[in-house]
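Below is one structure; the comments refer to it alone.
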Amino acid sequence: MSDIATATEKQGMDCLVIHGGRPLAGSVEVSGAKNAALPLMAATLLAPGEHVITRVPRLADTATMVRVLEALGAKVRWDATGMHVDTRSTSSVEAPYELVKTMRASIYVLGPLLARFGRARVSLPGGCAWGPRPVDLHIKGMEALGATIEIDEGYIVATAPQGNGAPGGLRGTRFDFPISSVGATGNLLMAAVLARGTSEITNVAIEPEITQLAEMLVAMGAQIEGIGTTHLTVEGVESLSPTSIEVIPDRIEAGTYLAAGAMTLGDVTVTRCRPAHLAATLQALERAGSRVTIDGSTVSLQSGGRPRGADLVTAVFPGFPTDMQAQMMAVATIADGTSTITDTIYHDRFAHAPELARMGADIRVDGNVAVVVGRDRLKGAPVMATDLRASAALVLAGLAAEGETRVSRIYHLDRGYEALAEKLAMLGAQVERRADTE
Ligand code: EPZ
């Protein structure tokens with residue numbers, strides 16, 4: 001078991017103690033993107049050999065994906081040059097429940113296993129803190145490529161037809177996504193690249209993480225047209241080769257630190273990011289009154305004083321990301337005015353609202369719409385993290401609040417923020433990680 005996995009388990013029940021009320025100032029470097037690293041790691045299964053992925057963030061979720069790859073027989077090691085994934089010894093096609101239940105994104109191995117081996121047995125992901133998260137589009141995509149899918153004892157059991165010359169037996173297809181899905185697009189794409197014939201896939205997700213996945217597949221020898229558009233044409237090939245790739249910067253992590261600057265009336269700079277990937281977030285921060293300047297791969301935010309209330313509607317890329325919704329709700333809790341926040345991607349992603357209310361926020365939730373009436377200030381309180389982005393919102397609220405805030409169950413944060421407490425301390429925050437004894 002990799003060192004980072006054990007460390008994460010040991011720190012599982014830590015909490016973050018925050019003394020708020022001071023403006024953040026300074027600069028932090030953005031890590032590689034979790035939501036890009038996970039599919040890139042899964043894609044290594046498509047080609048036997050040693051792949052090198054650099055700038056993989058050290059997170060609980062990337063550690064989980066390492067364990068999934070190791071459970072499949074791959075060898076993974078990390079050194080100064082990056083993460084080395086050797087998939088020559090891949091011997092199993094089963095992704096076990098114990099791992100998949102902790103991270104839905106483990107399902108990204110379904111497409112590659114089916115495409116390379118013609119078989120896959122992947123546990124259905126467990127529920128998520130906020131509502132059901134179906135995988136029907138992942139399954140429909142595989143069936144469109146000719147696979148037979150059964151659900152057996154909580155596992156997706158997928159089998160491809162044999163004898164058509166494709167490594168795994170899949171065949172090209174036409175597939176139109178009824179709704180845009182990041183994960184299902186990634187899975188179908190990774191399966192289609194080794195299918196026999198042409199696949200026309202429409203209404204695909206165009207999130208930067210998917211565009212990078214497509215670029216990695218092309219670097220491995222895949223034939224894909226239309227990358228970056230909602231219509232992909234994939235010409236199946238017989239085999240792929242290992243490659244090396246650097247993970248793109250994390251646009252959500254960058255947005256989170258900038259929102260922390262707005263929240264604390266501070267002056268924060270994030271470096272080594274891709275400003276174009278977070279354009280909608282920057283526009284939302286500007287609408288809330290902050291000044292944003294871009295200089296190459298550096299983005300700086302100067303607070304324009306107390307934030308202004310501003311309405312927000314989440315959407316697929318390049319719209320405003322649902323993964324920044326909670327953080328911007330935190331900003332709205334101390335804004336001058338009212339903000340209406342509508343999440344069109346997840347209809348019940350407001351688990352952070354009652355926790356923010358414990359700190360004095362005024363939030364009314366009705367289905368997928370939340371109305372936030374800004375208050376002069378928040379007051380520190382013990383609060384509980386419920387999911388990754390909800391916990392980021394609680395940290396931001398704690399940074400702005402008077403007094404002490406104690407965020408418990410921060411293992412949620414460890415899933416997606418690399419060295420969060422250290423980076424916040426670099427911005428002058430008074431935060432401390434402690435074992436949660438309460
Ligand atoms: C990815 O999840 C991200 N996770 C999520 O970020 C992000 O919130 C989401 O995309 C939307 O941007 C990773 O990349 C690992 P979807 P994913 O399939 O792929 C419905 C974070 O905080 N749907 O695009 O699971 C689904 O219920 C995480 O880092 C189906 O109905 O999201 C949702 O309403 C949280 N059937 C919508 O589509 C399916 O088979 C979008 O989901 C698949 C999805």
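Remember, it's 1-based here, ligands and their atoms both numbered in the order they're listed. For the numbers below, each heavy atom of this structure counts, side chains included, while hydrogens, waters and symmetry mates do not.
Taking a cut-off of under 4.0 Å to the non-hydrogen atoms of Arg133, the atoms of ligand 1 that pass are 2 (O), 17 (P), 25 (O). For ligand 1, the atoms sitting less than 4.0 Å from at least one non-hydrogen atom of Gly183 are 18 (O), 19 (O), numbered in the order shown with element in parentheses. Ligand 1 places these atoms under 4.0 Å from at least one heavy atom of His138: 40 (O). Ligand 1 places these atoms under 4.0 Å from at least one heavy atom of Ile345: 33 (C), 34 (O), 41 (C). The contact set between ligand 1 and Leu137, taken as ligand atoms under 4.0 Å from a residue heavy atom, comprises 36 (N), 39 (C), 40 (O).
By the 6.0 Å contact criterion, CZ on Arg119 is open, its count of non-hydrogen atoms from other residues, nucleotides or ligands being 12 or less.
Taking the side chain as every heavy atom from C-beta outward, Leu145 and Leu188 approach each other to under 4.5 Å. Residues Arg174 and Asp176 form no side-chain contact, since every pair of their non-hydrogen atoms from C-beta on lies 4.5 Å or further apart. Between Val109 and Val122 the shortest side-chain heavy-atom distance falls below 4.5 Å.
A donor-acceptor contact closer than 3.5 angstrom links the side chains of Thr322 and Arg349. Asn35 and Glu209 share no side-chain donor-acceptor pair at under 3.5 Å.
With Ser391 contributing its side chain and His412 its backbone, the two residues share no donor-acceptor pair below 3.5 Å.
Ligand 1 has no nitrogen or oxygen under 3.5 angstrom from a nitrogen or oxygen of Glu207. The shortest N/O to N/O separation between Leu38 and ligand 1 does not fall below 3.5 Å.
A distance of 13.5 Å separates CZ of Arg67 from CG of Leu72, quoted to the nearest 0.5 Å. Between Leu213 atom CG and Met41 atom CE the span is 13.5 Å, to the nearest 0.5 Å.
Nearest residue to atom 15 (C) of ligand 1 from Asn35, Ile252, Ile179 is Asn35 (criterion: closest heavy atom). Heavy-atom proximity to atom 25 (O) of ligand 1, evaluated over Arg104, His412, Arg349, is greatest for Arg104. Of the listed residues (Gly186, Ala37, Ser181), the one carrying the non-hydrogen atom nearest atom 18 (O) of ligand 1 is Ser181. Nearest to atom 6 (O) of ligand 1 by heavy-atom distance, out of Val182, Leu388, Asp323, Asp136, is Asp323.
Counting heavy atoms closer than 4.0 Å to ligand 1, residue Lys34 contributes side-chain atoms (C-beta onward) but none from N, CA, C or O.
Within the 4.0 Å heavy-atom cutoff, Pro134 counts among the residues contacting ligand 1. Residue contacts with ligand 1 do not include Lys140, since none of its heavy atoms lies under 4.0 Å from the ligand.
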